[in-house]
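I have placed the structure first, in the form of C-alpha cells, so that the comments after it can refer back to it.
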Amino acid sequence: MAQPEMTAGRWAVADHGVVSLDGELRSAQDVLEALDSEESEIIRTSLGLRFSKLALGMSLEISGNFPAGLELRAGVVKNNNFHACPIDVDQQVVGTTWHAVEPMSRLKVVEFLERHDESVGEITPGRYHSLIADPGASSVIRVCIEEPPDGGWVALQPSLPTPEGLKAELYEYQEVGSTFLRTLARFDVGCLLGDEMGLGKTLQAISLMLDLPSGSQVLVVAPASLLINWEAELEKFAPRLRTLIHAGPHRTGVVDGFDGFDVVIVSYETVLMDLSFIRDVEWDVVVLDEAQQIRNPDARRSVAVKELQRRVSVAVTGTPVENSLQDLWSISEFILPPLLGARAGFEEVFPDKREAAYRLGEIVSPITLRRRIADVADDLPEKREFVTSLELCVEDRQRYNAIE
C-alpha cells in the first residue's frame with residue numbers, strides 16, 4: 001500500500017499533544033518507517049519537533065487533595081515526569097520530541113481500568129482505596145496526592161459547622177475530628193479514630209451521628225461495661241437521637257424491634273448471639289468502640305462484626321496496634337476491606353519490622369486520625385486541682401495507726 005505524501009505543510013500538533021496528518025492520527029512508528037531522512041528533517045524543521053525512537057510507557061496517576069478533589073489521569077512518563085494524554089493514543093509529544101507510546105504499557109492501563117470498571121476523571125476516596133489496594137497497582141499507578149508536611153489532608157479542610165442538635169462546645173481539635181469523620185462519611189468512607197484516652201472520641205463520634213440524613217440508623221458495638229456510658233453520653237450531647245440498649249433477656253429477637261431508634265447500642269457478645277438478624281439490618285454507620293477487641297482476625301467477634309451490613313465503618317480505639325501489624329490489618333479490614341488486601345499477602349509484604357510499619361502508616365494515614373494529649377494541650381483548658389479531705393471512721397483510723 002502506497003504511503004501518503006509527507007511534506008511539512010501537511011503536519012501539525014493537535015491540541016491534546018499528538019501529531020496529526022490532515023486530521024488523521026498517525027503513530028510515530030508508522031511515520032518513522034514512511035519518512036526518509038530528508039523528509040524527516042523537513043517536518044522537524046517545520047514543527048520544531050524531533051522524532052525519537054524511544055517509546056514511552058503509559059501509566060495512571062492519582063493527584064489532587066484527599067478526600068475531595070482526587071483525579072485519575074492517564075499519561076506517559078519521561079524522566080520520571082508525568083505527562084497527561086488520552087488513553088487511546090499511540091504517540092505523544094513531550095516538549096519538542098515526538099515519542100511512540102509503548103503498546104504493552106497502554107494495554108496494562110486499559111486492562112487495569114476495565115478490571116475496576118473505572119475511567120479517568122474525578123474519583124471518590126473509596127474508589128481511590130480500591131484502586132491502590134490492587135496488587136498490581138504499584139506497576140500501573142503513581143500516587144501524587146497533595147498533603148501538607150504536618151497535619152495531613154485534615155489541615156486543608158475547613159471545619160464544618162457544629163451539627164445541629166449537638167449540646168456541647170467542641171474544642172478546636174474536636175472540631176477537626178468531627179470534620180474528619182463527617183467528611184469521609186459523606187464519601188461513604190470509614191475511618192480509624194485513634195485519639196488518646198480522654199480526648200473525647202465518643203463526643204466526636206456522636207457529632208457524626210447527628211450529621212447523618214434523617215432516617216439513618218447507627219449501630220454502636222462496645223464492651224458490655226460501656227453500654228450505659230454510651231447511652232448517657234448520647235442523652236447528654238444528642239438528646240434528639242432515640243437510643244436503645246439491645247441487651248438482656250427481654251431484648252428483641254427480630255429486626256423490627258429496632259424500628260423507631262436512631263442508635264442501637266450492643267455488646268460484642270450480643271452481636272455474636274444475635275448475628276442472625278442484626279446482620280440483616282442495613283446500618284448507615286457501625287461504630288466499634290474499643291476496636292482493639294477485633295485485633296485477632298480469627299476471633300469470633302472479629303468475624304461477626306465484619307459480616308454486618310454497613311455504609312460507613314468507624315473504629316474507635318487508642319491502641320490500634322498492640323501485638324503485631326496484623327492487629328491493624330484486622331481493624332482495617334472492618335473499616336475498608338480492600339485497603340490492605342488479603343491477609344496472606346499482607347503478612348508477606350508487611351512483616352513485623354520498623355520499615356514495614358512506616359510503609360503501612362503511609363497507606364492507612366488518609367483514613368486515620370490520632371492525636372496525643374501532648375499534641376492538643378494548647379486546646380485544652382488549664383488543669384484545675386481540688387483538694388478534698390476525707391475523714392476516716394474510728395475503726396479505719398485504728399487500723400491505719402496500727403500499721404508501722
Side-chain angles (χ1 to χ4, degrees), residues 125-126 128-138 181 184 188-195 197 201 205 218-226 265-283 285-370:
Y128 159 74
H129 286 301
S130 296
L131 292 174
I132 65 172
D134 188 304
S138 60
L181 293 168
L184 286 182
D188 299 337
V189 176
C191 65
L192 169 61
L193 182 58
D195 288 345
M197 185 174 64
K201 295 190 290 291
V218 177
L219 180 70
V220 175
V221 184
S225 60
L226 296 180
I265 310 167
V266 64
S267 69
Y268 286 93
E269 291 74 16
T270 302
V271 168
L272 275 172
M273 291 187 289
D274 295 347
L275 183 62
S276 60
F277 69 92
I278 292 179
R279 65 184 170 193
D280 290 337
V281 181
E282 295 183 0
W283 304 100
V285 176
V286 173
V287 177
L288 294 191
D289 194 12
E290 301 294 339
Q292 70 274 9
Q293 299 260 352
I294 66 163
R295 65 182 181 275
N296 178 0
D298 296 322
R300 292 175 60 218
R301 66 167 66 94
S302 302
V303 175
V305 298
K306 293 172 186 179
E307 290 185 20
L308 299 174
Q309 295 188 73
R310 60 206 184 271
R311 180 179 67 87
V312 174
S313 308
V314 177
V316 179
T317 174
T319 54
V321 177
E322 292 190 356
N323 302 317
S324 68
L325 296 183
Q326 180 184 265
D327 297 356
L328 187 55
W329 177 86
S330 184
I331 295 174
S332 296
E333 189 187 32
F334 165 76
I335 299 170
L336 199 64
L339 181 62
L340 298 179
R343 179 179 174 184
F346 172 84
E347 292 174 344
E348 180 178 347
V349 175
F350 295 99
D352 285 317
K353 296 182 179 179
R354 186 182 300 272
E355 297 78 9
Y358 284 134
R359 288 188 287 115
L360 180 59
E362 292 177 350
I363 295 174
V364 301
S365 62
I367 61 165
T368 303
L369 186 60
R370 176 168 175 78

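FYI, the numbering just counts along the sequence from 1. Computed over heavy atoms, backbone and side chain alike; hydrogens, waters and symmetry mates excluded. Model, not experiment: these values are computed from the prediction.
Scanning for side chain to side chain contact (heavy atoms under 4.5 Å, CB included) contacts around Ala291 gives Leu288, Ala315, Thr317, with sequence neighbours left out. Qualifying side chain to side chain contact (heavy atoms under 4.5 Å, CB included) partners for Asp352, counting only residues two or more places apart in sequence or in other chains: Ser324, Leu325. Applying the ring-ring contact (aromatic ring centres under 6.0 Å, His included) criterion to Phe350, with sequence neighbours excluded, gives Phe346. Under the side chain to side chain contact (heavy atoms under 4.5 Å, CB included) criterion, Ser332 pairs with Leu328, Leu339, Leu340, Val364, sequence neighbours left out. A search for ring-ring contact (aromatic ring centres under 6.0 Å, His included) contacts involving Tyr268 returns nothing, not counting sequence neighbours. Glu347 pairs by the side chain to side chain contact (heavy atoms under 4.5 Å, CB included) definition with Gln326, Arg343, not counting sequence neighbours.
Closest approach of Val189 and Val312 over heavy atoms only: O-CG1, 3.7 Å. Heavy-atom minimum distance, Thr270 versus Ile278: O-CD1, 4.4 Å. The two atoms that bring Gln309 and Asp280 nearest to each other are NE2-O, 3.4 Å, heavy atoms only. Taking all atoms of both residues into account, the shortest heavy-atom contact from Val271 to Ala304 is CG1-CB, 4.2 Å. Nearest approach of Ser302 to Pro297, heavy atoms of both residues: CB-O, 4.0 Å.
Looking only at distances, no side-chain donor or acceptor of Arg301 sits under 3.5 Å from a matching main-chain atom of Ala299. One N or O on the side chain of Arg370 and one on the backbone of Gly318 form a donor-acceptor pair closer than 3.5 Å. Of the possible donor and acceptor atoms, none in the side chain of Ser313 sits under 3.5 Å from a partner among the backbone N and O of Val286.
Annotation for Glu348: atom CD does not count as buried by contact number, only 12 or fewer foreign heavy atoms lying within 6.0 Å.
Distance check: Leu181 CG to Lys201 NZ gives 12.0 Å after rounding to the nearest 0.5 Å. Atom CG of Leu308 is separated from atom CZ of Phe334 by 7.0 Å, given to the nearest 0.5 angstrom. Note that the OG1 atom of Thr368 and the CG atom of Leu192 stand 4.5 Å from one another [nearest 0.5 Å]. In this structure, Ile294 CD1 and Lys306 NZ are separated by 5.0 Å, a value rounded to the nearest 0.5 Å.
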* **Step-by-step side-chain contact (heavy atoms from CB on, under 4.5 Å) determination, Val281 to Leu219** => CA-CA 10 Å; Val281 181; Leu219 180 70; over 6 Å; no
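When side chains are defined from C-beta on, Ile367 counts as touching Ile335, because their heavy atoms get closer than 4.5 Å. Side chains of Glu307 and Leu275 form a contact here, defined as non-hydrogen atoms less than 4.5 Å apart. At a threshold of 4.5 Å between non-hydrogen side-chain atoms, the residues Val316 and Glu290 do not count as touching. Residues Val314 and Cys191 form a side-chain contact, since some pair of their non-hydrogen atoms from C-beta on lies under 4.5 Å apart. Between Asp289 and Val221, the closest side-chain pair of non-hydrogen atoms is not below 4.5 Å.
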